[in-house]
Protein chains: 2
Amino acid sequence: MDRRIPVADRTGQRIVAETARRSENRYGNRPTMKDVAARAGVGLKTVSRVVNGEPGVTPDTERRVQEAIDALGFRRNDSARVLRKGSTASIGLVLEDLADPFYGPLSRSVEEVARAHGALLINGSSAEDPEREQELVLALCARRVDGLVVIPAGDDHRYLEPEIKAGVATVFVDRPAGKIDADVVLSDSFGGAREGVAHLIAHGHRRIGFIGDMPRIHTAAERLRGYRAAMEDAGIPVEDAWMSLGVTDPRRVRKAAEDMLSGPAPVTAVFAGNNRVTVTVVRVIAERGRPVALVGFDDIELADLLQPGVTVVAQDAAALGRTAAERLFRQLDGSLVTPERIELPTRLITRGSGELPPAD
Amino acid sequence: MDRRIPVADRTGQRIVAETARRSENRYGNRPTMKDVAARAGVGLKTVSRVVNGEPGVTPDTERRVQEAIDALGFRRNDSARVLRKGSTASIGLVLEDLADPFYGPLSRSVEEVARAHGALLINGSSAEDPEREQELVLALCARRVDGLVVIPAGDDHRYLEPEIKAGVATVFVDRPAGKIDADVVLSDSFGGAREGVAHLIAHGHRRIGFIGDMPRIHTAAERLRGYRAAMEDAGIPVEDAWMSLGVTDPRRVRKAAEDMLSGPAPVTAVFAGNNRVTVTVVRVIAERGRPVALVGFDDIELADLLQPGVTVVAQDAAALGRTAAERLFRQLDGSLVTPERIELPTRLITRGSGELPPAD
DNA sequence: ATGAAAGCGCTAACAA
DNA sequence: TTGTTAGCGCTTTCAT
């Protein structure tokens, strides 16, 4: 008895489970091609042909299948398709923060290219955290995205080696990959910053401050390097107090700006390392009486309508995304072999703030 | 002979194909659990246990399996997993345009909620095209996303009925669903616009213009309704020339603004229906000598630093996304049954432009 | 033109 | 603790 009851129980449970699976099925309760085939009175493969628009089906059969599809509300399960075919027709984009106005257009342009190739875009924000970047990238790889566009937060991407070897197309954007050889699409941060700072120097400034992002971020380091180069070109020795790198949190930037603009020999001009920094520096300058020259890296909306307009070194976020995505699909075509480093030019847009003369 | 050669050929080809599949395999050349099992000298299920952190594996076995995983660069194929388990742990977001500063924060907040639930976010831009919206939504459904957050472009979502019936959680944001009963999270467009326009009226304006998005867009219609209500509340008859609805393309908006601000009885104030419109109207006003009062729907960056600051009716894009996503996951929990309509309040932020007196 | 059978890589259910 | 078997829903291959 003791043994027989459990056995009966188990059998009973199995039947219940079986019934549940049939009627309330995984995915809620979705019809499969098999269901459509049964309803239309045709074979499974015929349904597959109709669904995928393959030839070799008489109009009459096609109509019957289509009716069954509509009646059942059938929708092909792409998971199964992917498993069989091996391609997901989707690419992943890992960036820092979708809410940052710099990444919106970038993401959109990647999406447009993906769409042109019939692929969907899956994206994730790393929040500038290397661990989260890796976690995200690997999750995307587990989903077998065909390719990956990565704006790296970390500086070691060796964890991607098996993936790349396995055929996952990969392009890094905005910052280079760390410790692996991969395609990179960048803006000319060094050249852009150098030009922006030289512009300030040309307008008579000598005490020029630089406020940028954390030095471990490649673009921040490059822009600082550009600043230093421009100063050196002009034979101006740089003082430590003029440079401040760190998080772009408004409080940190505000303090940095206020420090530079105070004291016995304040800077007369500031070069802001990115859009977040520029916005805060504009605020700080607006609050103070004395005019301070400003050039910012990245364009910002309404910059032309401020008094004075904000002079910027603009980079083309959409072009960055488009270039990267196109390269990604060329990798997938097989038409690309050697990793390359592509650098897009920046553009100085003068609007007033960068042309102010030194206040002293 | 004639028959044997082809047969031999076919067999030969089959062997070649077989070899190719094994070595250069789909997904490039990825090891499977079977490969890992063979290498570690254990059964398939043991590998599965290790990969998924299931109990019942001795530390020693686990170590051997882990070594095989690392050596082979194995990464679980989630497509297969999804096929078996029925849940993709991913949700879809369909919005208008990721490049629009309103949608960046919204998307980011949806992503954060998804992340907290262990889900990835797949997103797509409809470009305000109903067909593209449907195409995108159905593609996401074919991928069996667990849920869908949709900012609708179209006004008929009956195509979603089979999906919802099949268990796809669905929440509409920013605009209601058309012709189906579904969860909706909105900002109070009507109330916000009414308050904004009433604010202008309170500052002495009577000839007030309204420039908004295409009337088929729910928010645009609601804001226009709010405008009309405020005018009616004040007993001001509205003239047709004061209202202009259409695409938010800068050229169209510019022309609309210039028309309203010209002629014998120009408007003395403008209510701008969304952030895109506001930006263009600010430009038009700045170019003209005469001051014009302005209140815009949606906050915009740097609005506080313009001269005068731009008074806005702000909506909280991040809260919109968060609320929607949380509701989505509550649907998936099964803790939600009846579709609801949630309306988030807006907030009037006075900065100067909305407090200007009429110029005449 | 149509269908039957095999199997993609994984997990659930069961057995040992 | 470990392994075996049977699918998940689709596409591929091959017969008919």
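First the proteins, then the strands, lettered A, B, ... as listed; each starts at 1. Reckoned from all heavy atoms, side chains included, excluding hydrogens, waters and symmetry mates. Being a predicted model, the structure only gives us computed values, none of them experimental.
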OP1 or OP2 of D:dC10 under 4.0 Å from side-chain N/O of A:Lys34: no
Within less than 4.0 Å of OP1 or OP2 of D:dC8, is there a side-chain N or O belonging to A:Asn77? no
Within this structure, what is the CG-to-C1' distance between B:Leu44 and D:dT4, rounded to whole angstrom? 10 Å
A:Thr46 side-chain N/O to C:dG3 phosphate OP1/OP2 under 4.0 Å: yes
Quick one: A:Asp35 CG to D:dC10 C1', roughly how many Å, whole number? 13 Å
Checking B:Ser79 side chain against A:Leu83 main chain: does a donor-acceptor pair fall under 3.5 Å? no
Judged by atom type as modelled, is there a donor-acceptor pair below 3.5 Å linking the side chain of B:Asn52 to the main-chain atoms of B:Glu54? no
Closer than 3.5 angstrom, by distance alone: can the side chain of A:Gln331 be matched with the main-chain N or O of A:Thr170 as a donor-acceptor pair? yes
Any N or O donor-acceptor pair under 3.5 Å from the base of D:dG9 to the side chain of A:Arg30? no
Could you check whether any side-chain N or O of B:Arg81 sits under 3.5 Å from a backbone N or O of B:Thr88, counting only pairs where one atom can act as donor and the other as acceptor? no
May I have the distance from B:Asn52 (atom CG) to C:dG9 (atom P), rounded to whole angstrom? 17 Å
Go through D:dC10, C:dG3, C:dT11 for me and flag the one nearest to the A:Val42 side chain. C:dG3
Identify, between B:Arg75 and A:Arg49, the residue whose nearest nucleotide on DNA chain C lies closer to the 5' end. A:Arg49
At less than 4.0 Å, is any side-chain N or O atom of B:Thr58 found next to OP1 or OP2 of D:dT1? Yes or no. no
Under 4.0 Å from OP1 or OP2 of D:dC10: is there any side-chain N or O of A:Ser79 that close? no
Classify the nucleic acid contact of B:Asp78 as base, sugar-phosphate or nothing, counting any heavy atom under 4.0 Å across all strands shown. nothing
Out of A:Glu133, A:Gln134, A:Lys179, which one pairs with A:Tyr159 under the side chain to side chain donor-acceptor pair (under 3.5 Å) rule? A:Glu133
Nearest whole Å is fine: how far is C:dT11 P from A:Leu83 CG? 12 Å
Under 4.0 angstrom between A:Lys45 side-chain N/O and C:dA4 OP1 or OP2: no
Return yes if the base of D:dG7 and the side-chain atoms of B:Arg84 contain a donor-acceptor N/O pair under 3.5 Å, otherwise no. yes
Rounded distance (Å) that lies between atom P of C:dC10 and atom CE of B:Met33: 5 Å
A:Phe74 CZ to D:dG9 C1': how many Å, rounded? 8 Å
d(CZ, A:Arg143; P, C:dC8) in whole Å: 23 Å
If you find the nucleotide of DNA chain D closest to B:Gly56 and the one closest to A:Arg76, which residue's nucleotide is nearer the 5' end? B:Gly56
With a cut-off of less than 4.0 Å, is there a side-chain N or O of B:Thr61 near OP1 or OP2 of D:dT2? yes
Specify the separation, in whole Å, of atom CG of A:Leu72 and atom C1' of D:dG9. 15 Å
CG/B:Asp155: more than 12 non-hydrogen atoms of other groups inside 6.0 Å: no
Measuring from the side chain of A:Ala80 (C-beta onward, heavy atoms only), which nucleotide among D:dG9, C:dT11, D:dT2 has the closest atom? D:dG9
